[in-house]
Participant: 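Here's a structure for you.
Lettering of chains follows the sequences in order, A, B, ..., and the numbering in each one begins at 1.
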Amino acid sequence: MSVRAPAAAETPDRAVRHRLSGEDAIRWTLVVVFAAVLYLFLLYPLGQVLWRSLLDNGGRFIGAANYIRYFSTPAIAASITNSLFVSAAAMVLTVALAFGYAYALTRTQMPAKGLFRVVAMLPLFAPSLVQAFALIYVFGNNGILTRATGLNVGIYGAKGIILAEVFYCFPHALLILMAALAATDARLYDAARTLGAGPLKTFLTVTLPGVKYGLVSASFVVFTLAITDFGAPKAIGGKFSVMATEIYNQVSGQQNFTMGATVSVVLLVPAVLAFVVDRLVQRRQYALVTSSSKPLVPGRRPLADWSLLAYCALIAGFIAAIYLVILVSSLVHRWPYNFGLTLKHYDFDTAGGYRALWNSIRVAALTAVAGTVLAFVGGYVVEKCRTAASGPLYLLSVLPVSVPGMVLGLAYIFTFNAPGSPLNALYGTLAILIISNVVHYFTVGFLTATTALKQMDAEFENVGASLGVPFYRTFWRVTVPIALPSIVAISMYFFLNAMVTLSAVVFIVAPGTELAAVAVLLMDDAGDTAQAAAMSVLIIATGLAVRSVYWLAMRGITRRTQAWTQGGAAAGEPS
Amino acid sequence: MSESAPAPAAVALEGIAKKFGAYVALRDITLSVTAGEFICFLGPSGCGKTTLLRIIAGLERQNAGTVRMAGRDVSGLPPALRNYGIVFQSYALFPNLTVGRNIAYGLETRRTGAAAIARRVDELLALVGLARHKDKYPAQLSGGEQQRVALARALAPSPALLLLDEPLSALDARVRQSLRHEIRGLQRRLGVTTVMVTHDQEEALTMADRIVVMNAGQVEQVGAPAEVYRRPRTPFVARFVGQMNFLSAVAGARSGWARVGAVELRHQPGFEAVPGGALTLAIRPEEITVGPAALHAENPLRARITAVQFLGAFTRLGLTVDGEGRTALECDVAATAFAELGVGEGADLPIALAPDALRAFPVPGPAA
């Protein structure tokens, strides 16, 4: 026998290292590249915003002076309370309206559920400006209803912003609430019935507690969307200033970059807070439904079914009306004076015209490709290549969802339009627009990817390794095919959002890289509201067309993968 | 190191230790597996058996110690360079690949021609009896069939070592029974060295050449199934492998004798406490002699039947032995023998604890 190993009590804290192989080199390269991307395009630019908020416009360090001026100038400080007020109001209204709608879609036997679902999703395909346009066309000074009744409701300002945000945020809240209402256990309802609980008691003691996390989550999502939105307040806010428009005024209007940075930092606070609370709440959600839960099949309740049908018809009618108004106004000579049909508004003469639309499609497509690759590979790096970097990389990956688009845009000005910086090469290119979109919408794509990866057997890579197959081959032959539905969904998400986003790109478009959503804003600013509507229609049509292709692709994937996703029940155990 | 060993062990572990943070999962494990042997790591969940298997596989990195395979030090090698096949508890079959493609997976990266791969896949399919399922997807197979696909996939590249991580625990009882024989038979035929992790003592007893009983990160006993069952080295092994009755006793003045209550009993040699010191006696339920035969046997006791549990082939009796402390025992009697006794609950029953079945252990610590 050789000399005994030292006593077990002296076991070293570090595990022995395995010899580094070529595969490890590839793994570490992925980790480093992913970390570098997040640093360069997220952390460093945000740091620039923070730093610039402490400087004056001449570049001298002035400490908190900008903040003191912000809070002590009533005209600017009002934007904080204004923002909080409209966002809170939009949150309460949206969640309340969406809850009834979601309940009707998941818990009743009412007819035409599919149609109601589709209509409710329409706002996802339009820039947030569009809802505001429609409200102006109907309730504005020259609105069709204002003229017909002679009654001006004063839509410009808080009222208009809140209404526009409600429609803009409605599908987001609806999706969360539908998921929450669908994830229930029928046995709870059976138990309530056997214990003699009536419908109201069951609703209060089973239904509501079951979706409370969904309600909280939907509330925070709507609040964050509303407070960071730029399009709606820009279009309908009038003199009512919110933080997002204040940043735009300071930067684009007054060239006061440091004040823009200061407002940005303040705007980050509620967004980050909402995000942190939401994450804490969501962490508890998972235990609610177990694998043994039985899905609830709603019974027929004529009174509830028909009254909820009327309710949904009303909401869906409003939403459909918005897009109908936009469509009609883009096709008539002069809304609301001359309803003669014409296509002249589609003959764009400003703001880049069709080049802007074409740019948008290219940017959205490339955002979809680059974003999906980065989100999926990033998710893989964090989930499957467990390193000390996984934790920090995860945090950085979920950070973008709480960074308002305006803040990211401003950060990119500071980073990519700084004199003497080598990064300036990106400024004024489509690439920077793509990068900005990828980062802005990264979190949802990343979380979708990690969820899909988590659902896979953790031993796939280990089996591959034991058989001498390198991890990248298993990634390509097994991981990617299994995750294909998620991958397609992620690319769809990136594409649609890149088509309609305004806030993250409004500061960094340049001559030659105009985008359709920005063109809508500029046309509206210039008073060409009909052309703005026409461009909006084209954006929505593009989104719907791509969504249809996506739907067909998903059907194809489902059919192809049916054989290997069906349960073993068909073959059955021998017993 | 002067001895000239004939052939190096298929797997040799020396001084393996593993910590997860401050938690010590394995301490100082030294063990060797002979070529062609079927060895089982047996222990309760959390005893470190799976961690040890994963260290052999290179999927977990040890904090100390060396792993050798056929004499080659693989302690620092990544999994891909170790030459083994593994079957996981979940099987981890690739759901998007057919049975045939799953089995071919490890062959395709090697420089093997397509024809040779196809031949090898057919060979393995025949070996595990799944030839007609070649073009099905894993989800279309039953649990037992999936298990055999996983086995075939692991064996396809002809590894020197087969690792099985609780391979049968996801199956229902009857499939599990038949697969035990099948895996064991396959292993014999191929002669592949196999290490299996299980928490099921019956599985370990029926399948293994040797069992490694583990507890709290340490090896309690290594031995052939019959040896581990008949001569458990520690109370833990006695309790974990099979059923065991324990009696608190006090060492008597004579060597090999101990007192339980007022009765002096002779026990197996082995452990000796100082006279008057506490010790634990142990006997298996089926080793207790009951009825008239007990009256004339050595170590007789009077017991009362407190419970009768019908378990098919045999009947389990709950007994209390008179005397201080009212010791409780369980005793298994063949169903026919119990019928002959003609007694029931509440009846008195003479019993005897045969000295060569009565083991002596030190008093276990508070944990056991």
Side-chain angles (χ1 to χ4, degrees), chain A residues 1-24 27 455-474 477-484 557 560-575, chain B residues 1 14-15 17-19 24 27-28 30 57-65 75-86 88-98 105-110 136-146 150 153-154 156-157 159 163 171-172 174-175:
Chain A
M1 273 313 288
S2 55
V3 185
R4 292 275 317 136
E10 293 164 32
T11 302
D13 284 329
R14 290 186 75 98
V16 298
R17 289 191 177 283
H18 282 169
R19 205 170 74 196
L20 284 180
S21 60
E23 282 189 56
D24 290 312
R27 254 188 219 113
Q455 284 167 351
M456 273 178 223
D457 198 311
E459 312 287 14
F460 281 161
E461 285 76 18
N462 293 338
V463 167
S466 77
L467 294 169
V469 180
F471 81 92
Y472 46 84
R473 196 178 153 86
T474 304
R477 286 215 35 207
V478 179
T479 313
V480 169
I482 296 177
L484 203 55
I557 292 173
R560 251 194 41 213
T561 59
Q562 225 159 27
W564 50 272
T565 47
Q566 70 177 228
E573 289 281 340
S575 57
Chain B
M1 298 284 277
E14 196 173 312
K18 175 68 186 168
K19 287 208 277 194
V24 180
R27 50 183 97 225
D28 198 18
T30 296
L59 300 173
E60 207 76 72
R61 294 178 299 148
Q62 71 278 20
N63 293 55
S75 313
L77 292 187
L81 302 178
R82 293 195 180 196
N83 188 20
Y84 64 87
I86 188 164
F88 290 102
Q89 189 169 8
S90 62
Y91 315 145
L93 292 176
F94 304 131
N96 58 321
L97 303 180
T98 60
Y105 198 77
L107 302 170
E108 286 165 357
T109 41
R110 284 147 222 253
K136 285 191 182 166
Y137 288 98
Q140 295 167 313
L141 302 182
S142 73
E145 288 162 346
Q146 289 180 25
R153 182 180 63 181
L163 303 176
L171 300 169
D172 62 41
R174 268 169 59 193
V175 184

Participant: Show me the side-chain donor-acceptor pairs of residues 78-85 of chain B shorter than 3.5 Å, one per line, residues at least two apart or across chains.
Facilitator:
{"from": "B:Arg82", "atom 1": "NE", "to": "B:Val74", "atom 2": "O", "distance (Å)": "3.4"}
{"from": "B:Arg82", "atom 1": "NE", "to": "B:Leu77", "atom 2": "O", "distance (Å)": "2.9"}
{"from": "B:Arg82", "atom 1": "NH1", "to": "B:Ile55", "atom 2": "O", "distance (Å)": "2.9"}
{"from": "B:Arg82", "atom 1": "NH1", "to": "B:Ile56", "atom 2": "O", "distance (Å)": "3.0"}
{"from": "B:Arg82", "atom 1": "NH2", "to": "A:His18", "atom 2": "NE2", "distance (Å)": "3.4"}
{"from": "B:Arg82", "atom 1": "NH2", "to": "B:Val74", "atom 2": "O", "distance (Å)": "2.8"}
{"from": "B:Arg82", "atom 1": "NH2", "to": "B:Ser75", "atom 2": "O", "distance (Å)": "3.4"}
{"from": "B:Arg82", "atom 1": "NH2", "to": "B:Leu77", "atom 2": "O", "distance (Å)": "2.8"}
{"from": "B:Tyr84", "atom 1": "OH", "to": "B:Ala57", "atom 2": "O", "distance (Å)": "2.8"}

Participant: Between B:Tyr105 and A:Arg477, is there a side-chain heavy-atom distance shorter than 4.5 Å?
Facilitator: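 Yes, side chains in contact.
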Participant: Quick one: which of A:Gly468, A:Pro12, A:Pro470, A:Ser21 has the most heavy-atom pairs under 4.5 Å with chain B, could you say?
Facilitator: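 Going by pairs under 4.5 Å, I would pick A:Pro12.
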Participant: Output the option from B:Ser90, B:Ala156, B:Ala150, B:Pro157 having the highest count of non-hydrogen pairs under 4.5 Å with chain A.
Facilitator: B:Ser90
Participant: Pick from B:Arg61, B:Arg153, B:Gln89, B:Gln62: which one has the most heavy-atom pairs with chain A under 4.5 Å?
Facilitator: B:Arg61
Participant: Between B:Asn63 and A:Val16, which heavy-atom pair has the shortest distance, and what is it?
Facilitator: O-CG1, 4.1 Å
Participant: Of the listed residues (A:Arg473, A:Glu459, A:Arg14, A:Met456), which shares the most heavy-atom pairs with chain B below a 4.5 Å separation?
Facilitator: A:Glu459
Participant: Tell me, side chain or backbone of A:Thr479 under 4.5 Å from chain B's heavy atoms, or both, or neither?
Facilitator: neither
Participant: Carefully, step by step, assess A:Val463 and B:Phe94 under the rule side chain to side chain contact (heavy atoms under 4.5 Å, CB included).
Facilitator: CA-CA 10 Å; A:Val463 167; B:Phe94 304 131; 3.9 Å; yes
Participant: For A:Asp457 versus B:Ala92, what's the shortest heavy-atom pair and its separation?
Facilitator: OD2-CA, 3.5 Å
Participant: Specify the closest pair of heavy atoms between B:Gly106 and A:Val469, including all atoms of both residues, with the distance to one decimal.
Facilitator: CA-CG2, 4.2 Å
Participant: Between B:Pro95 and A:Ile482, what is the shortest heavy-atom contact and its length?
Facilitator: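 Residues B:Pro95 and A:Ile482, closest heavy atoms: CG-CD1, 3.4 Å.
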